[in-house]
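Worksheet: one structure, shown below.
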Amino acid sequence: MRHEENRKTGKVWLVGAGPSDPGLLTLRGRQVLQKAEVVLYDALVGPGITAMIPDHAGRVYVGKRSGNHAMPQEQINRLLVDYALDGKRVVRLKGGDPFLFGRGGEELEMLAERGIPFEVVPGVTSALSVPAYQGIPVTHRDLCSSIHVVTGHFREGSVSHIDFEALVRAGGALLFLMGVSALGEICRGLLDAGMDPDVPAALLMRGTTARQERISASVGTLPREAVRRGAKAPAVLAVGEVCALSERFSWYEKMPLGGVRVLLTRPPELIGGTAEKLRDLGAEVWEMPAIRTVRRENNTVLREALRRLEQYQWLVFTSPAGVRIFFEELHDRRMDVRRLGGIRIAVMGNGTGKALEKYGMFPDLMPEIYDGEHLGEAIAEAGHPGECVLIPRASAGNRELVDALSHMNADDIPVYDTVYAESDTAGTVRAELENGGIDYVIFTSSSCVRGLASALGCADAVSAHAGNDCTEAFRDTETVRNVLSGVKAICIGRQTAREAETLGMRIYVAERADEDSLIECLVRVESGNV
């Protein structure tokens, strides 16, 4: 990347991503992230936040773990400069807050020296949020009125520079970040400085995630207890009387889906609403869209149908994507909803019906069972032989719908293709599935099942089969079965369930084929009421 003198220099934003929970990313942080052209992100940036990185932006992982740095700090600094000099909008996405032990100041030094514009977006620090998610108020009127935040990670590998006597003398809550490896030294330093060994202490691991864990003890016993429990980073060490409140004030794990990690595979335009509902119930949500819908451009067949729209008695939608693309085509042809005045509208289910409502319209018909066969039967019963039916839907739509309309004149018009989506996070998701790190996968269609199988390493099998119907390829793919075998799948219907079952997954089917019923099914399974 070379800087051209006649090209405008870009800008760098240092954005605090918070501790992991995407709900703790600030509004300003999300706004900046959506406009990024390049994102350099850390290891502690949660998957729910990396899912917000726009598809058009380049991603550069620069994460650092103890003893394992993906990239030296000096190289990170140079990359920020190079991308900015290349005219890019660069986001440096950092866990927690950029200026609290995040080396944000070092990164700004080089930017300032080179005259590169920058902006800092503060983030929610783990020093406050992680204790809060574990029921520990870092201040309390009756227990402490001050907090002291100290880094537990040291360049020299020693805690000798910490003035433990001053910390003990000051009282209040003590919060040590990145202190797992030095836990024994820290507690010993506090005891040597005169702290009562019975003072409550807690090691708070993987805070604000589904795998968060608290080891509660005292300053005198915590190091031994941490070894016994196999404590691992990342963690916050909290010391002080407020730690004793954690049992009474804990709340996160008491939510209906607290401690549950869910993988969503819906298309990008539909995934957000489902993720929000799951997070409201306490789940940690990983978003990896397994499929995406691609509108068919220059669709002459659809345009011909629109030209003679008044000839149809029925307009049938089987998905929200079909609704969206149909009305986009109406708009592009400068046609409005008045052309639909004499047409009855049928939809497959609630989700499609809600998509229709966004355009100020409501369905005339929705079957009790949301599948093509029952939709077709309901239309045939409500209509009359010989009536004309327009069905704008996916190119891979099943035949049951059209077969049920054999006594009517059905125009089954493909308006979009369902393709398998590529994902930068597929490797991470695969590792989590193999290690039991994901509790549930939610599938809203058979295509999502096949798309996930493709993303997890079945690309060769996919290419060996024409079109989207790759069921046989996935059934015979031992690699994917090894990854997904035994994983719990919440499925929207029997057809989707059958697809997931071929991959060895444990199947649970929602009572109704809609989003809310999927979530209700997940809550029932997690609570053991199945």
Side-chain angles (χ1 to χ4, degrees), residues 16 18-21 23-24 95-97 99-101 122-153 159 161-180 182-209 211-229 231 233-255 258-259 282:
S20 185
D21 186 336
L24 300 182
D97 179 88
F99 283 174
L100 189 62
F101 309 136
V124 177
T125 173
S126 61
L128 303 180
S129 56
V130 168
Y133 268 55
Q134 295 277 14
I136 298 176
V138 293
T139 64
H140 188 286
R141 183 175 182 178
D142 297 328
L143 299 176
C144 79
S145 57
S146 66
I147 60 172
H148 309 272
V149 182
V150 186
T151 179
H153 181 70
V159 300
H161 70 284
I162 298 179
D163 190 343
F164 286 107
E165 292 184 359
L167 292 176
V168 173
R169 189 167 54 250
L174 306 180
L175 301 165
F176 296 86
L177 308 190
M178 304 173 288
V180 172
L183 175 61
E185 291 182 80
I186 292 171
C187 290
R188 190 161 50 250
L190 293 171
L191 294 173
D192 291 345
M195 179 172 282
D196 187 334
D198 292 329
V199 169
L203 192 63
L204 313 175
M205 297 176 289
R206 299 178 294 276
T208 80
T209 76
R211 298 296 182 262
Q212 77 171 30
E213 186 178 356
R214 179 177 67 252
I215 300 177
S216 296
S218 67
V219 176
T221 61
L222 184 59
R224 184 170 61 254
E225 187 65 15
V227 171
R228 188 183 72 82
R229 297 271 296 273
V236 173
L237 168 60
V239 178
E241 296 297 334
V242 289
C243 295
L245 300 173
S246 61
E247 293 298 329
R248 290 173 54 202
F249 292 173
S250 62
W251 57 273
Y252 178 72
E253 58 266 34
K254 296 176 183 177
M255 299 178 75

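As the structure is a computational prediction, the values presented were derived from the model and not from experiment.
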For this session: Could you tell me whether the side chain of Arg211 and the main chain of Gly259 form a donor-acceptor pair under 3.5 Å?
Result: yes
Q. Going by an N to O cut-off under 4.0 Å, is there a salt bridge joining Arg188 and Glu185?
A. no
Rounded to the nearest 0.5 Å, the CZ atom of Arg224 sits from the CZ atom of Arg229 at a distance of 13.5 Å
One should read off an interatomic distance between Ser216 OG and Ile136 CD1, to the nearest 0.5 angstrom, of 6.5 Å
Tell me, with the steps shown, if Val239 and Ile186 meet side-chain contact (heavy atoms from CB on, under 4.5 Å).
CA-CA 11 Å; Val239 178; Ile186 292 171; 6.0 Å; no
Heavy-atom nearest pair, Val219 first then Met195, reads CG2-SD, 3.6 Å
Tell me if a side-chain donor or acceptor on Tyr252 pairs with a main-chain N or O of Gly282 at a distance below 3.5 Å. yes
Here the gap from Leu167 atom CG to Leu190 atom CG, rounded to the nearest 0.5 Å, amounts to 7.0 Å
Between Pro122 and Asp97, the two heavy atoms sitting closest are CA-OD1, 3.4 Å
What one should report as the nearest heavy-atom pair of Leu183 and Ala226 is CD2-CB, 3.5 Å
Correct closest heavy-atom pair for Ser129 and Val124 would be CB-CG1, 3.7 Å
Flag the pair Val138 / Val242 as yes when at least one side-chain heavy-atom distance between them is below 4.5 Å, and no otherwise.
-> no
In this structure, CG of Leu174 is separated from OG of Ser146 (nearest 0.5 Å) by 8.0 Å
Exercise. Check for a donor-acceptor pair, side chain of His148 on one end and backbone N or O of Gly171 on the other, with a separation under 3.5 Å.
Key: yes
Smallest heavy-atom separation, Leu175 atom then Pro131 atom, equals CD2-CG, 4.2 Å
In terms of heavy-atom contacts, Gly194 and Val168 come closest through C-CG1, 4.2 Å
Check your understanding: Taking the side chain as C-beta and beyond, is there a heavy-atom pair between Arg214 and Glu247 under 4.5 Å?
Key -> yes
CG (Leu128) and OG1 (Thr139) are apart, to the nearest 0.5 Å, by 9.0 Å
Treating Gln212 as the side-chain partner and Tyr133 as the backbone partner, does any N or O pair qualify as donor plus acceptor under 3.5 Å?
yes
Interatomic distance, CE@Met178 vs OG@Ser126, rounded to 0.5 Å, equals 8.0 Å
